[in-house]
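Everything below concerns the one structure shown next.
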Amino acid sequence: FKVFLGKTDVSAELEEVHAETRAQNTLQTASALELFRNRAVRWQTITVIVTMACYQLCGLNAIWYYTNRIFEAAGFNKAMIPYITLSTGGIETLAAVASGLVIERIGRKPLLIFGFSAMAVCFTLLTIFLHFQDSFSWMPYLSFISILAVIASFCSGPGGIPFVLTGELFEQSYRPAAFMVAGVVNWLSNFAVGLLFPFIQNALQTYAFMVFVVVCILGAIYLLIVLPETKNKTFVEISQSFSKINKISQMPDKEMEDVFPVKPGQVEIGDGLRGQTASPNDINSFTNDININDSNTVEMESSF
């Protein structure tokens, strides 16, 4: 856990994990309809939808689905295309590994913005190279390099981070619905790319990839404006970052209120001491976690 987060003090993260585990026993799972109705998670939901849509509509699947057709249009010999495709898979693997190693150091937001921005640049260059491929004999090689750069840019951030964000932006009770919405958007966008790209390519010819340039630019701009950095932040901190744009006051997390119903400065122990205020010294004397059962009595247990 310490190695994954890149820091030595992970007590806050462990406490959040324990709190969410206890919350699962007290809260019901929200439905997708409740997810859309809740104003407190409105922009989190929009962010997941936009990120997942850009994940598929950024154009990488168009390259995978129609690799042979694209390379043929770039001027490569059909006999060489299978070997060229192998190199694209190698680049994808290397870029994904590199992204996994630096994600906790650089952060989610910079990698996402860099990935979509770099893809927009690479698709623009690919369009230029495809347009002039008949003018120079070496132009197909530049097209091939541009395709490799597109794949590397995608895997450096947009390739995996959207799934991580879906889990980080929502509390436990909303995560199943959030993942369901993300999955629906993901596969619908995937279907749209696979179905429409041949028609786009026939209509726009060498300018077909400019459609993906627009998607990547819009996605990068949205993430730059709306998405807060989630690296090394708890769910409560992330929710507070969204509270202004959601136009709600920064209230305590609902799940944490359900798990810890006792207000600061008060300790409830049975009926005899119910509601009595404890002094700071009394509170500091407790060294173990406090679990409140259904009868509102306090049970002591070891932290670890």
Side-chain angles (χ1 to χ4, degrees), residues 1-21 23-24 30 35 38-55 58 95-96 98-118 153-183 185-186 216 218-256:
F1 205 21
K2 293 180 179 180
V3 175
F4 177 75
L5 294 177
K7 59 181 183 179
T8 56
D9 185 9
V10 295
S11 57
E13 287 76 12
L14 286 175
E15 178 56 32
E16 184 182 14
V17 171
H18 294 321
E20 289 195 357
T21 301
Q24 287 181 326
L35 178 69
N38 191 343
R39 192 174 67 178
V41 294
R42 178 174 299 168
W43 279 97
Q44 291 94 312
T45 305
I46 296 174
T47 299
V48 167
I49 292 174
V50 170
T51 307
M52 277 297 178
C54 291
Y55 169 79
C58 65
S99 175
L101 294 175
V102 301
I103 185 174
E104 291 299 331
R105 295 184 180 181
I106 299 178
R108 284 80 161 137
K109 182 175 181 177
L111 286 177
L112 279 172
I113 295 174
F114 167 78
F116 284 126
S117 301
S153 300
F154 175 82
C155 295
S156 65
I161 294 178
F163 300 96
V164 177
L165 277 181
T166 305
E168 291 180 337
L169 296 183
F170 297 92
E171 64 185 20
Q172 185 61 40
S173 60
Y174 284 98
R175 282 175 189 161
F179 274 104
M180 185 193 72
V181 172
V185 173
N186 180 33
C216 291
L218 293 178
I221 293 174
Y222 176 89
L223 294 172
L224 178 64
I225 296 174
V226 176
L227 180 67
E229 178 53 62
T230 61
K231 181 187 70 173
N232 295 333
K233 289 186 178 180
T234 64
F235 164 75
V236 175
E237 293 172 332
I238 296 172
S239 296
Q240 290 174 349
S241 300
F242 276 102
S243 61
K244 184 176 181 180
I245 192 173
N246 282 327
K247 297 181 179 180
I248 61 172
S249 59
Q250 296 184 3
M251 299 297 293
D253 176 35
K254 181 179 183 298
E255 287 190 358
M256 301 308 166

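Note that these values count all heavy atoms, side chains included, but never hydrogens, waters or copies made by symmetry. Note that the coordinates shown come from a computational prediction; the quantities given were computed from them, not determined experimentally.
Between Met52 and Thr166 there is a side-chain heavy-atom pair separated by less than 4.5 Å. Using a 4.5 Å heavy-atom threshold, the side chains of Pro162 and Leu112 count as touching. Taking the side chain as every heavy atom from C-beta outward, Thr47 and Phe242 approach each other to under 4.5 Å. Two residues are said to be in side-chain contact when any heavy atoms from C-beta on lie closer than 4.5 Å; Leu165 and Val48 fail this criterion.
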Exercise. Check the pair Val181, Tyr174 against side chain to side chain contact (heavy atoms under 4.5 Å, CB included), reporting the backbone distance first and the verdict last.
Key: CA-CA 11 Å; Val181 172; Tyr174 284 98; over 6 Å; no
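For the atom pair Thr51 OG1 and Arg108 CZ, the distance stands at 13.5 Å (nearest 0.5 Å). Remark: Ser241 OG to Gln44 CD distance equals 9.5 Å, nearest 0.5 Å. Expressed to the nearest 0.5 Å, how far CD1 of Ile238 lies from OG1 of Thr230 amounts to 5.0 Å. Remark: Ile161 CD1 to Ile103 CD1 distance equals 4.0 Å, nearest 0.5 Å. Of the inter-residue distances, the one linking Leu169 atom CG with Ile46 atom CD1 reads 12.0 Å to the nearest 0.5 angstrom. Between the CD atom of Glu104 and the NZ atom of Lys231 there is a distance of 8.0 Å, given to the nearest 0.5 Å.
Distance alone, capped at 3.5 Å, is enough to place a donor-acceptor pair between the Lys109 side chain and the Leu224 backbone. Panel note: side chain Ser99, backbone Ala96; no donor-acceptor pair is recorded below 3.5 Å.
Aromatic ring pairs are classed by plane angle as parallel below 30°, tilted from 30° to 60° and perpendicular above 60°; the pair Tyr55 and Phe154 is tilted.
The distance between the ring centers of Phe170 and Phe179 does not fall below 6.0 angstrom.
Heavy atoms only, all atoms of each residue included: Cys54 and Gly219 are closest at SG-CA, 3.7 Å. Among all heavy-atom pairs drawn from Ala118 and Ser153, the shortest one is CB-OG, 3.3 Å. The two residues Pro110 and Glu229 have their closest heavy-atom pair at CD-OE1, 3.0 Å. Across all their heavy atoms, Leu35 and Val41 have their closest contact at O-CG2, 3.7 Å.
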